[in-house]
Amino acid sequence: MTALSEREAQIAERIAWGASQKEVACDLGISRYTVDNILRKIYQKLHIGKINELSAWWFCTHFNISFELSPLKRTIGAVALLILVVFNDFTSGDTYCRNRSRRTKTEVYVRLKEIV
């Protein structure tokens, strides 16, 4: 297991939880370009190339989840996640909203459930 420096671990954790590079830079009081450089070093150390892989690595190492899952365990995990998503979809009410903001423009997507 490759050890990350304290700053690399801070950045990896925030990125794994879904923060953008700008948010990480603002939280830590450093430049966005510094965050980008540190992310490149993290990717090199861990031999990965995507944020998704970094998130998977971080959660697996911090919650003691093995990377080597049998096909049965993968299937059970996928079914459990599917059940959670479907359950959340039915309990979330009649609408689903996703807000995105770009400067002054806000887009809202609303999906109404059809009752069969």
Side-chain angles (χ1 to χ4, degrees):
M1 189 72 47
T2 304
L4 299 178
S5 69
E6 184 178 339
R7 181 62 84 177
E8 290 170 342
Q10 290 173 340
I11 291 173
E13 179 179 6
R14 285 173 170 80
I15 294 292
W17 280 101
S20 68
Q21 290 184 16
K22 276 185 174 182
E23 292 170 335
V24 172
C26 184
D27 288 346
L28 299 176
I30 57 178
S31 167
R32 187 187 67 77
Y33 300 107
T34 303
V35 172
D36 188 48
N37 287 334
I38 293 173
L39 271 176
R40 282 191 215 143
K41 290 178 185 177
I42 292 170
Y43 291 162
Q44 287 175 349
K45 280 185 177 181
L46 301 177
H47 305 289
I48 58 176
K50 298 179 183 177
I51 288 177
N52 295 345
E53 294 171 348
L54 176 63
S55 295
W57 174 85
W58 191 87
F59 284 106
C60 287
T61 55
H62 285 79
F63 294 110
N64 297 323
I65 301 170
S66 173
F67 282 115
E68 304 298 325
L69 294 176
S70 69
L72 176 63
K73 288 181 181 178
R74 284 187 204 158
T75 304
I76 291 170
V79 169
L81 289 174
L82 180 64
I83 290 169
L84 285 174
V85 168
V86 170
F87 177 74
N88 186 36
D89 193 33
F90 284 115
T91 60
S92 65
D94 292 338
T95 60
Y96 172 77
C97 296
R98 179 177 165 201
N99 298 326
R100 285 188 163 182
S101 61
R102 284 191 181 170
R103 296 186 185 169
T104 60
K105 184 178 178 183
T106 302
E107 300 175 27
V108 178
Y109 297 100
V110 178
R111 182 188 71 186
L112 297 176
K113 292 184 181 180
E114 295 180 14
I115 301 174
V116 180

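Residue numbers start at 1 and run along the sequence shown.
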Check your understanding: Listed by chain and number, what are the side-chain hydrogen bond (donor to acceptor under 3.5 Å, both in side chains) partners of D27, not counting sequence neighbours?
Key -> none
**Study point:** Q44: partners by side-chain hydrogen bond (donor to acceptor under 3.5 Å, both in side chains), with sequence neighbours left out
**Key:** none
Review point. Which of these passes side-chain hydrogen bond (donor to acceptor under 3.5 Å, both in side chains) with Q10: R14, R7, E13?
Key: R7
Exercise for review: Please report the shortest heavy-atom distance between L39 and Q21, naming the atom on each side.
Suggested key: CD1-NE2, 3.5 Å
**Study point:** Check against salt bridge (charged side-chain N to carboxylate O under 4.0 Å, His left out), D36 and R32
**Key:** CA-CA 6 Å; D36 188 48; R32 187 187 67 77; 5.5 Å; no
Review point. By side-chain hydrogen bond (donor to acceptor under 3.5 Å, both in side chains), which residues pair with S5, not counting sequence neighbours?
Key: E8
Check your understanding: In terms of hydrophobic clusters joined by side-chain contacts under 4.5 Å, are L46 and F63 together?
Key -> yes
Point to revise | Inter-residue atom distance F59.CZ - L54.CG, 0.5 Å rounding | key: 9.5 Å
Exercise for review: Would you please test I38 and V24 for side chain to side chain contact (heavy atoms under 4.5 Å, CB included) and show each step?
Suggested key: CA-CA 11 Å; I38 293 173; V24 172; over 6 Å; no
Exercise for review: Give the cluster check for V35 versus I48: same hydrophobic cluster or not, with ILVMFWY residues linked at side-chain heavy-atom distances below 4.5 Å.
Suggested key: yes
Point to revise | Approximate separation, where rounding is to 0.5 Å, of K41 NZ and L4 CG | key: 12.0 Å
Check your understanding: Do the non-hydrogen side-chain atoms of T34 and L28 ever get within less than 4.5 Å of each other?
Key -> no
Point to revise | Rounded distance [0.5 Å steps], CH2 in W58 versus CD1 in I42 | key: 12.5 Å
